[in-house]
Undergrad: 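I am attaching a structure below and will ask some questions about it afterwards.
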Protein chains: 2
Amino acid sequence: MATIKDVSRLAGVSVATVSRVLNQNGYVHEDTEKKVLNAIRELNYIPNDVARSLTKKSAKMLALIVPDITNPFFNELARAVEKVTQLYGYATILCNSDDTPANEKQYIHALKQKYIDGFILATNTLSPEEIQQLDVPVVMLDRTISSTIPTVASDNREGARMAVQFLLNQGCRTIAHIRGPLELSIADERCQGYLDEVGQADWFQPDLIVNGDFNLHHAADAIHELLDRHPDIDGIFAGNDIMAMGALRAVQKRGVAVPDAMQIVGYDGITLGGMVYPELTTVAQPIYEMGLLAARMLIKLIEKKPLDVMHYKLDVELVQRGTTRGSANQP
Amino acid sequence: MATIKDVSRLAGVSVATVSRVLNQNGYVHEDTEKKVLNAIRELNYIPNDVARSLTKKSAKMLALIVPDITNPFFNELARAVEKVTQLYGYATILCNSDDTPANEKQYIHALKQKYIDGFILATNTLSPEEIQQLDVPVVMLDRTISSTIPTVASDNREGARMAVQFLLNQGCRTIAHIRGPLELSIADERCQGYLDEVGQADWFQPDLIVNGDFNLHHAADAIHELLDRHPDIDGIFAGNDIMAMGALRAVQKRGVAVPDAMQIVGYDGITLGGMVYPELTTVAQPIYEMGLLAARMLIKLIEKKPLDVMHYKLDVELVQRGTTRGSANQP
DNA sequence: CTGTTAGCGCGTTCAG
DNA sequence: CTGAACGCGCTAACAG
């Protein structure tokens, strides 16, 4: 591996000059620039990132920490983030915290040792105070925890309302909700949206809401119990697509026809929803756009540019497919 | 952030001594060691990874490059790899190449700038020569491309045989195979295993084999065409679970009952296979074990320790579930 | 416009 | 056993 010294020697200039053409700062004569460029090409020189990081105290690198890399939602997010960061000359590293605080902290500390420039957190394990203490730029994605930390999320409550309204319009008489983890704000908001629509209905009962922990198998189990208690349920709004798939699986196992006897709507709009049969009707978040926005915000933060918006709340869209009636995609 | 200098000052010793207790090499008096340790604790000192990497020309870091991070197979692999590397004091970074050579090369070069110590490649885009030229330790995972590069894979041919044999035992009369990409050795081997079992059967025809590119939607499309041509097919062996899910989806869409009128077996044993209904019968690879082995091999390679085995070929196991008959998990 | 020089934080001889 | 000094490869003043 050639070093900047080799280049300077071959070009007959000082290392400072080479550094200048490399970073395009300071004045440098056209002719000497050419000489340097030639030397660089000839030696196939590539600057050493580690040395550079050491002096700049920055690795041009940021991390996206997600709770579950298996969840396609986060993969789609990761793509978007990577796209932006690449554009701005940053590297992205993807970390799976498994929703465990210890893992998350481990990653964060390990990466801080490497002069990481910032984090996008799609996780929920750190308190606002802990994040503040990190002393590194942070953007929260799909989780709101503090007004002082920049955030990108979708309009969860409105999205939930849309879903439930749609189920009512499709003729559902008794709609259950399978919600996400209790501590999670997005799960609360989606539950609120459900309550907005049906909380006052004469058939409504609090135990139509069950917890599925954003987990497929928990959701499936919860649905089985729920249907044992309330055989009259003919609509399910799930707090995310994974749970909707769990519900679908449970319902199918009981031999109940979807969407004829039971309609299901999820939330997220992950591609996996199109992989099951019938395809999942869902409230689609603009996942890619959320990733783009979060990455741009973080980079602005890192480069100390002003943020025009601190908290994004993006619009969602109802995607009608096979688990509800009246769609072209229906069985 | 405290530096080694701060520590040395507080402890009243030289930086060299601090370095010695940090790395536990060289002689150092018990008492001075205590002083140093105390200073370290007091200052909450953590050595700077970047500076360390610069002198050691190693970042204690390795990368796992996978073609599709959305595929749960690779996630399970990633967990295993991370587990081992952590144990040995290495950091792991997970990269998604999207099966594009350009992406893969981009990652590799970016990481080489950061003094990465080695790669585990679960991809297929680089030629053996290109890998050799990288001048960095590499282990191939689930792909064999050259006898000189260490490899971890499962016994694909035998696994495929098991799957097809099982379908025959379950009473299938006409078994199709939906295979993976043509250039992929593992796809070839699984196809061979299929041919081993049924290539001589009187009902066999070459066009019972179709290409699904390890992709769910391609697989679904291919199955539709196939069933139009051969309505008599009553068994499908898919080259991986994702394609098996595509096949399942296609079959269900046609209103064919699984497993009564059609039985399906996949390959891989990803958890996703348990998330659809009916649950996928599959040939399970020891995914976790494969990840462990690959990581251990790579670390041995990096630390220039001898490898006792260059090419691992692991046993697989048939997991009977709902897409074949006669299982407890059947509908 | 260009070269010299002093760090960045740490590891490592090589004398003591 | 311990410390002084140099080097890893690069950037950033500061002179010229």
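Lettering of chains follows the sequences in order, A, B, ..., and the numbering in each one begins at 1. FYI, side chains are in, hydrogens and waters are out, and symmetry mates aren't considered; it's all heavy atoms of this structure. Computed from a predicted model, the values in this text were never measured in an experiment.
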Undergrad: Between C:dG3, C:dG7, C:dC10, spot the one nearest the side chain of A:S14, thanks.
TA: C:dG3
Undergrad: Using a strict 4.0 Å threshold on nitrogen-to-oxygen distance, state whether A:D49 and A:K60 make a salt bridge.
TA: no
Undergrad: Rounded off to whole Å, could you give me the CG-to-C1' distance for the B:D6 and C:dC10 pair?
TA: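 Taking atom C1' of C:dC10 as the reference, CG of B:D6 is at 13 Å.
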Undergrad: What are the two closest non-hydrogen atoms of A:A51 and A:N48, and how far apart are they?
TA: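 Looking at all heavy atoms of both residues, the closest pair is N-OD1, 3.1 Å.
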Undergrad: Taking everything shown except B:Y88 itself, do over 12 heavy atoms lie less than 6.0 Å from its OH?
TA: no
Undergrad: In whole Å, what is the span from the CG atom of B:D49 to the C1' atom of D:dC8?
TA: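 Going from B:D49 (CG) to D:dC8 (C1'), I get 15 Å.
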Undergrad: Closest approach to the side chain of B:T3, judged atom by atom: which nucleotide of D:dG9, C:dC10, D:dT11 is it?
TA: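 In terms of side-chain proximity for B:T3, the closest of D:dG9, C:dC10, D:dT11 is C:dC10.
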Undergrad: With the threshold set at 4.0 Å, does a side-chain nitrogen-carboxylate oxygen contact exist between B:E130 and B:K105?
TA: yes
Undergrad: So, A:E104 versus A:T123: side-chain donor-acceptor pair below 3.5 Å or not?
TA: yes
Undergrad: Quick check for you: among D:dA13, D:dC10, C:dT12, whose closest atom lies nearest to any side-chain atom of B:A16?
TA: C:dT12
Undergrad: Look at the side-chain N and O atoms of A:N48 and state whether any lies under 4.0 Å from the OP1 or OP2 oxygen of D:dC8.
TA: no
Undergrad: Need one value for B:V50: base, sugar-phosphate or nothing, where a base atom within 4.0 Å counts as base even if backbone is also close, heavy atoms only.
TA: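 Touches nothing.
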Undergrad: Given axes from five pairs at either end, by how many degrees does the helix from C:dC1-D:dG16 to C:dG16-D:dC1 bend, rounded to 10°?
TA: 50°
Undergrad: Expressed as a whole number of angstroms, how long is the span from A:Y115:OH to C:dG9:C1'?
TA: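 Rounded to the whole Å, the gap is 7 Å.
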Undergrad: On DNA chain D, check which nucleotide each of B:H29 and A:P47 is closest to and give me the residue with the more 5' one.
TA: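 By nearest-heavy-atom nucleotide position, the 5'-most residue is B:H29.
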Undergrad: Looking at every strand, decide which applies to B:D31 at a 4.0 Å heavy-atom threshold: base, sugar-phosphate, or nothing.
TA: nothing
Undergrad: Measuring from the side chain of A:V28 (C-beta onward, heavy atoms only), which nucleotide among C:dT2, D:dC10, C:dG11 has the closest atom?
TA: C:dT2
Undergrad: Can A:S58 and A:D117 be counted as having a side-chain donor-acceptor contact under 3.5 angstrom?
TA: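 Yes, A:D117 and A:S58 have a side-chain donor paired with an acceptor closer than 3.5 Å.
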Undergrad: In whole angstrom, give the distance that lies between atom NZ of A:K56 and atom P of C:dG9.
TA: 15 Å
Undergrad: Side-chain N or O of B:T17 versus OP1/OP2 of D:dT2: is the shortest distance under 4.0 Å?
TA: no
Undergrad: Tell me: NZ of A:K34 to C1' of C:dC1, nearest whole Å?
TA: 17 Å
Undergrad: In whole Å, I'd like the distance from the OH atom of A:Y45 to the P atom of D:dG9.
TA: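 That distance rounds to 10 Å.
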Undergrad: Are B:S14 and B:S8 close enough that a side-chain donor and a side-chain acceptor fall under 3.5 Å?
TA: no
Undergrad: So, are B:R79 and A:D98 salt-bridged, with charged N and O less than 4.0 Å apart?
TA: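 Here B:R79 pairs with A:D98 in a salt bridge, since their nearest N and O are under 4.0 Å apart.
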Undergrad: When the distance from CZ of B:R20 to C1' of D:dA4 is rounded to whole Å, what number comes out?
TA: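 Atom-to-atom, B:R20 to D:dA4, this comes out as 11 Å.
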Undergrad: Report the distance from atom CD1 of A:I4 to atom P of C:dT2, rounded to the nearest whole Å.
TA: 15 Å
Undergrad: When you measure from the side-chain N and O atoms of A:S19 to the phosphate of D:dC10, is any distance below 4.0 Å, counting only OP1 and OP2?
TA: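 Result: no.
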Undergrad: Ignoring backbone atoms, establish whether A:K57 has a side-chain N or O less than 4.0 Å from OP1 or OP2 of C:dG9.
TA: yes
Undergrad: Reckon B:T32 touches a base, only the sugar-phosphate, or nothing at all at heavy-atom distances under 4.0 Å?
TA: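 Counting heavy atoms under 4.0 Å across all strands, the contact made by B:T32 is with sugar-phosphate only.
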Undergrad: Think A:N25 has a side-chain N or O under 4.0 angstrom from the OP1 or OP2 of D:dT11?
TA: no
Undergrad: Would you say a side-chain N or O of B:R52 is under 4.0 Å from OP1 or OP2 of C:dG11?
TA: yes
Undergrad: Please tell me which of A:V15 and A:G26 maps to the more 5' nucleotide of DNA chain C, matching each residue to the nucleotide holding its nearest heavy atom.
TA: A:G26
Undergrad: Does A:Y27 put a side-chain nitrogen or oxygen below 4.0 Å from OP1 or OP2 of C:dG3?
TA: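 Looking at the OP1 and OP2 atoms of C:dG3, neither is under 4.0 Å from any side-chain N or O of A:Y27.
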Undergrad: Got a salt bridge between A:D31 and A:K34, using NZ or NE/NH1/NH2 to carboxylate O under 4.0 Å?
TA: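 Between A:K34 and A:D31 there is no salt bridge, as every charged N stays at least 4.0 Å from the carboxylate O atoms.
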